[in-house]
Each structure stands twice: as C-alpha cells, then as structure tokens.
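A quick write-up on the structure given underneath.
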Amino acid sequence: MAEYDYDVLVIGAGPGGYVAAIRAAQLGLKTACAEARETLGGTCLNVGCIPSKALLHASELFEEASHGALAKFGVEIEGAKLNLDQMHAEKAKAVGELTGGIEYLFKKNKVTWLKGKAAFQDSSTVKVGDQIVTARDIVIATGSVVTPLPGVEIDQKVVVDSTGALALPKVPEHLVVIGGGVIGLELGSVWRRLGAKVTVVEYLDQILPGFDGEVRKESAKLFKKQGMELKTSTKVTGVTVEGDRATVSVEPAAGGAAETLSADAVLVAIGRKPNTDGLNLEAAGVKLNGRGQVEIDHDFATNVDGVWAIGDVAPGLMLAHKAEDEGVAVAENIAGQTGIVNHDVIPSVVYTMPEIAGVGLSEEAAKERGEVKVGKFPFMANSRAKTNRDTDGFVKVIADAKTDRVLGVWIISSLAGTMIAQAAQAMEFGATSEDIAYTCHAHPTHAEALKEAAMAVQGKPIHI
Ligand code: FAD
Ligand code: NAI
C-alpha cells in the first residue's frame with residue numbers, strides 16, 4: 001500500500017479549507033493545510049466578511065453619532081468627528097484576532113500549516129513552496145477572486161476592488177460603484193455613511209440579483225432614501241483615470257445616450273470567479289465546468305479519485321457559511337462517514353442597514369414550481385421595531401399552497417441577519433407556515449414579525 005505524508009491535504013485556509021482541515025483532524029486523520037497568504041482565514045477573514053462588517057458597524061456608529069439620529073431618544077451629541085485611521089486600526093485588530101484564532105485552532109487540533117502556494121504534481125502529490133508532499137485525499141478549497149471588468153484596470157488607488165475599498169485612506173467625495181450586488185451595496189453604504197456621494201451603476205433593471213423581487217424593489221427604495229444614487233439598466237463602457245480622478249462612461253444597457261460620471265474613487269464589484277490559478281489541475285486530471293468551477297458530485301468528489309473540492313471554487317453560492325458546512329461534510333465523507341449539505345437551505349444576508357436576508361426560494365422561483373401562498377408582515381406593525389423607531393422593512397413567508405411547507409423566507413430589518421437563522425432551521429426541519437405561526441415567540445421582539453408573517457399565510461395575522 002502506498003505511504004503518504006498525510007491522510008488529508010487541504011489547499012486553501014479560507015472558511016471552507018480551515019474548517020475541513022480541523023474536522024478531518026478531529027476525525028483522527030493526519031492533516032495538513034496549505035495556504036499561500038501570510039495569515040489563515042482566506043478571503044472571508046482577511047479581506048471579506050470580517051473587515052467589511054467591521055467597517056459597516058463602525059460607519060453606522062459614526063452616522064448615528066454625527067447626524068443627530070440619536071437626538072430624538074434624548075441623546076444629544078455635539079462635535080462627533082471621524083478618525084478614519086482609528087476606524088481602520090480597529091478593523092485590523094478584529095481581523096488579526098480572528099486570523100490568529102484559526103492559527104490557535106490549527107495548533108489545538110494538530111493541523112500542520114504548510115506555508116506557500118500549492119500546485120499539483122499528480123493526483124496525490126502537491127508542491128507547496130519548495131516542499132513536495134503527498135496525501136491520500138486532497139481537498140481543493142482555493143476560493144474565488146474578483147471578476148475583472150474588461151478594459152477597466154484596477155490600480156487600488158482610484159479604481160479599486162473590494163480589497164482596495166476596505167482600505168481607502170480617505171473618504172472619497174464621489175464613489176462610483178460598478179455593480180449593485182452585495183459588495184457594492186455593503187461597501188457603498190460604508191462610504192456613504194462616512195460622507196461620500198455614492199452612485200451605484202447596475203447593468204440589470206434591479207439591484208441584488210437572486211433575491212426575491214419584492215425585496216429587491218423595497219431595498220432599492222430604502223437605499224435611495226438613504227441618499228445612494230442607483231443607476232439601474234445602465235452599463236459602464238469605460239473608465240479613464242487622470243491623476244487622482246476617474247471618468248466613468250456609462251450608457252443605458254439597452255443602448256442610448258452616453259454620459260460620464262466624474263469620481264475620485266471607483267469600486268469594481270461585478271462578481272467573483274473561482275480561483276484555480278497556478279494550481280496545475282491538469283497534472284491531477286481534475287475537470288472544470290464551463291464556469292471555471294471545479295466539477296463535483298453530491299459528496300464533493302471531483303472526477304479524480306481522492307481529490308475533492310468545496311467552497312467558492314466549487315458550484316453554488318459564494319458564501320462563507322456554505323463553504324464552512326461543505327468543509328465539515330467533505331471531511332466526514334473522507335473519513336467514511338456521510339457528510340451532507342442541504343444546498344436548498346443556505347441563508348443569504350446583506351449587512352446594510354436595514355439588513356436584507358433570505359433563505360430558500362424567491363416568490364418568483366417558487367411560483368415557477370407550483371401554487372404558493374404568501375404571508376407578509378411589516379415592521380411598522382411590530383411593537384419592538386416601533387419602540388426602537390426602527391420600522392423599515394417586512395417579513396415575507398412563501399409556502400406551498402397545498403402542503404403549507406415553507407419554501408422561502410425573506411426579511412428586511414435591522415435584525416434580518418440574525419432572524420433568518422430561525423427560518424433556516426424551520427425549513428431544515430420541513431416546517432409548515434402553521435408550525436411557525438403556532439410557535440411561541442417572545443414579546444416584544446422583532447422575531448414576532450416572522451410569526452405574524454407565517455400567520456398571514458393563512459390570512460390571519462393579529463396585529464395588522
Ligand atoms: P477563500 O476564503 O477565498 O479562501 C481560499 C484561500 O485559498 C485563500 O486564502 C487563498 O490565499 C488560498 N489559496 C488559493 N490558491 C492557493 C494555492 N494554490 N495554494 C495555497 N493557497 C491557495 N460571505 C459571507 O458569507 N458573509 C459575508 O459577510 C461576506 N462578506 C464578503 C465581503 C467581501 C468584500 C468579499 C470579497 C467576500 C465576502 N463573502 C462573504 C464571501 C466569502 O468571503 C467567501 O464566500 C468565502 O471566503 C469562501 O471561502 P473559501 O474557503 O471557499 O475561499
Ligand atoms: P454580485 O454577484 O453580488 O453582484 C454583482 C452585480 O454586478 C450584479 O448585480 C450584476 O448584475 C452586476 N454587474 C455585472 N456586470 C456588470 C457591469 N458590467 N456593469 C454593471 N453591473 C454589472 O457580486 P459582488 O457584489 O461582486 O459579490 C461577489 C460575491 O461575494 C457575492 O456573490 C457574494 O457571494 C459574496 N459576498 C457576500 C457578502 C455577504 O454575504 N454579505 C458580502 C460581500 C460579498
């Protein structure tokens with residue numbers, strides 16, 4: 001029998017890879033994880049979820065303190081000032097603590113961190129930096145990178161991607177965001193709250209593709225109310241930079257008169273693509289699909305025996321929690337157990353204010369599959385939201401008209417990201433809207449709006 005250096009080698013230490021490595025080690029497998037970055041945690045911890053949430057939180061505090069929003073609660077603040085360097089420093093501290101935390105977990109679980117970029121030599125041999133290692137099972141968890149916009153060069157000074165937009169050294173006067181998706185809206189919100197004029201240019205006729213239609217419409221209304229300019233059905237035809245200014249040329253997506261936008265910062269956020277660069281997958285014989293993703297089966301196995309793939313590099317939503325769950329499942333499959341991820345119940349959250357969250361099918365997608373019943377409840381009628389003067393948004397529950405099984409839940413609320421977990425759990429357990437409606441929810445909480453929306457599916461909410 002062949003002798004290997006490791007039972008399992010995971011390539012990439014993002015939420016998919018580090019979780020897979022820890023679970024494999026917990027299951028008694030001798031495990032290593034190769035990571036090209038200086039720190040563990042991947043895109044999410046270093047330049048994604050964590051720093052973006054740090055800036056979203058801090059910028060929200062700044063906006064509340066500086067715009068008199070607290071005065072109606074009797075909290076009067078004068079002379080609030082922005083210290084952007086301090087804001088970035090606190091963000092960096094959170095990132096450092098969390099990436100350091102993964103290093104600690106690797107040590108605790110005896111996962112060996114192989115530092116360097118990994119490239120396959122054959123299906124069980126990988127070169128990491130100058131080192132050659134062999135493993136019986138190899139998990140590809142190399143994540144994703146920014147999709148470039150042809151003809152637009154990212155210089156990380158005037159024209160930035162999300163990584164540059166997380167580290168701008170000063171607040172731009174005018175930030176043009178190309179792409180009205182999750183990154184554009186989250187980071188656009190950060191810089192708007194800190195004082196920038198923000199214009200979002202979106203190719204489609206609505207922001208947030210993939211979300212429920214009504215949620216997309218209502219979100220756009222709220223972002224506009226906050227002062228963000230949304231130019232939908234508009235395409236960018238070019239960006240030129242002169243000194244510290246950019247000129248963004250745009251025209252209607254369907255064709256028509258062109259115009260230019262002058263900006264001192266441009267954020268390109270038109271999506272992310274799977275990262276297989278330099279992995280030398282050909283040497284292992286691993287196949288990609290037409291979208292450049294590593295092709296896998298239900299168990300996360302590629303076409304090559306002993307080679308697996310998870311997270312952003314594989315098909316499905318590009319979300320940290322999806323990658324993490326796949327990390328646990330793939331390690332369990334490698335260990336001979338049965339690792340499963342229910343890809344129909346993966347929540348999505350946009351961490352703006354209010355937050356926008358969904359799980360399962362949109363109303364449009366559900367209707368394509370059959371007859372549905374929809375219940376909605378506005379936060380305007382929720383006692384806690386009213387008390388907190390926090391009434392933007394609603395909960396929407398979509399259920400199968402015949403079986404009443406919940407097919408999708410959508411929430412716009414300051415607490416949507418936390419509330420959606422309850423909906424996901426209910427759906428995972430196959431709940432009906434009646435199950436949610438007859439579950440006792442604490443009063444006064446925002447969560448009662450989910451119960452009321454479920455009651456509304458039967459046409460019987462109490463508080464509207
Ligand atoms: P990654 O996190 O991308 O990790 C892959 C790792 O592999 C990287 O560290 C890379 O250096 C390493 N690597 C690549 N190739 C090699 C190689 N050949 N050898 C060695 N190492 C290699 N998702 C959420 O769920 N919630 C959020 O709030 C959220 N916010 C985001 C904000 C931003 C600005 C961005 C850009 C993304 C955000 N995401 C969020 C998405 C999330 O970051 C990704 O879905 C998640 O990181 C994917 O995890 P992964 O393990 O598949 O890959
Ligand atoms: P996205 O796919 O969410 O949005 C990209 C947007 O750009 C779409 O609306 C698309 O129609 C538009 N677009 C594409 N080409 C365009 C063009 N040429 N001109 C104008 N608009 C164009 O991608 P985004 O925002 O870059 O984020 C990438 C991924 O990162 C997300 O899909 C998500 O999975 C992940 N992410 C998740 C977050 C979260 O969970 N809170 C936060 C940030 C990122």
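In listed order, ligands and their atoms are each counted from 1.
- In terms of modelled atom types and a separation under 3.5 Å, the side chain of Asn289 and the main chain of Glu295 share no donor-acceptor contact.
- Taking a cut-off of under 4.0 Å to the non-hydrogen atoms of Leu204, the atoms of ligand 2 that pass are 11 (O).
- From the protein, the heavy atom lying nearest to atom 39 (C) of ligand 2 is Val349 O, 3.3 Å.
- For the residues Gly316, Ala269, Gly179, Pro347, the heavy atom positioned nearest atom 5 (C) of ligand 2 is part of Ala269.
- For the side-chain hydrogen bond (donor to acceptor under 3.5 Å, both in side chains) test, no residue two or more places apart in sequence or in another chain qualifies with His321.
- Closest protein heavy atom to atom 29 (C) of ligand 2: Arg272 CD, 4.0 Å.
- Close approach of ligand 2 to Leu149 (heavy-atom distance below 4.0 Å) involves ligand atoms 18 (N).
- Residue Val201 approaches ligand 2 through these ligand atoms, each under 4.0 Å from one of its heavy atoms: 20 (C), 21 (N).
- Across all their heavy atoms, Tyr6 and Val133 have their closest contact at CE1-CG1, 4.1 Å.
- Residue Val313 is tested with Leu288, Thr276, Leu279 for a side chain to side chain contact (heavy atoms under 4.5 Å, CB included); the sole match is Thr276.
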- Message: Applying side-chain contact (heavy atoms from CB on, under 4.5 Å) to Glu202 and Leu230, what does each step give before you reach the verdict?
- Response: CA-CA 7 Å; Glu202 166 59 48; Leu230 302 181; over 6 Å; no

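- At the shortest separation from atom 3 (O) of ligand 2 among protein heavy atoms lies Val182 N, 3.3 Å.
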- For Glu251 and Lys235, what are the C-alpha separation, side-chain angles and deciding distance, and is it a side-chain contact (heavy atoms from CB on, under 4.5 Å)? CA-CA 6 Å; Glu251 62 181 50; Lys235 67 177 172 202; 3.4 Å; yes

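- Minimum heavy-atom separation, Leu407 to Met427: O-CE, 3.3 Å.
- When the side-chain contact (heavy atoms from CB on, under 4.5 Å) test is applied to Lys225, the partners found at least two apart in sequence or on another chain are Leu222, Asp392.
- Within the 4.0 Å heavy-atom shell around ligand 2 one finds Glu186.
- Residues meeting the salt bridge (Lys or Arg N to Asp or Glu O under 4.0 Å) test with Lys91, sequence neighbours left out: none.
- The N/O atoms of Gly271, backbone and side chain alike, include one that comes under 3.5 Å of an N/O atom in ligand 2.
- With Arg216 contributing its side chain and Gln206 its backbone, the two residues share a donor-acceptor pair below 3.5 Å.
- In summary, the atoms of ligand 2 found under 4.0 Å from a heavy atom of Tyr351, numbered by their order in the structure, are 41 (N).
- Counting atoms of ligand 2 from 1 in the listed order, those under 4.0 Å from a heavy atom of Leu319 are 34 (O), 37 (C), 40 (O).
- In summary, the side chains of His446 and Asn388 do not present any donor paired with an acceptor at a separation below 3.5 Å, with no hydrogens or angles considered.
- Scanning the protein for heavy atoms near atom 34 (O) of ligand 2, the closest one is Met318 O, 2.5 Å.
- Sorted by chain and number, the heavy-atom contacts of ligand 1 below 4.0 Å come from Ile11, Gly12, Ala13, Gly14, Pro15, Gly16, Gly17, Ala34, Glu35, Ala36, Arg37, Gly42, Thr43, Cys44, Val47, Gly48, Cys49, Ser52, Lys53, Gly116, Lys117, Ala118, Ala141, Thr142, Gly143, Ser144, Ser162, Ile183, Arg272, Asn275, Leu279, Gly311, Asp312, Met318, Leu319, Ala320, His321, Ala323, Tyr351.
- Nearest heavy-atom pair across Ala13 and Tyr18 is O-CD2, 3.8 Å.
- Counting only heavy atoms of the protein, atom 43 (C) of ligand 2 lies nearest to Ile183 CG1, 3.3 Å.
- Each of the following atoms of ligand 2 lies closer than 4.0 Å to a heavy atom of Pro209: 8 (C), 9 (O).
- Of the protein's heavy atoms, Ile270 CG2, 3.5 Å lies nearest to atom 16 (C) of ligand 2.
- Between Arg245 and Glu242, no side-chain nitrogen of the basic residue sits less than 4.0 Å from a carboxylate oxygen of the acidic one, so the salt-bridge criterion is not met.
- Atom 27 (O) of ligand 2 is approached by the protein to below 4.0 angstrom, counting heavy atoms only.
- Judged by distance alone, with hydrogens and angles left aside, the side-chain atoms of Asp264 form a donor-acceptor pair with the main-chain N or O of His174 at under 3.5 Å.
- What sits closest to atom 9 (O) of ligand 2 on the protein, heavy atoms only, is Glu202 OE1, 2.5 Å.
- Formation of a donor-acceptor pair under 3.5 Å by the Asp137 side chain with backbone atoms of Ile334 is not found in this model.
- Here the heavy atom of the protein found nearest to atom 21 (N) of ligand 2 is Tyr203 N, 3.2 Å.
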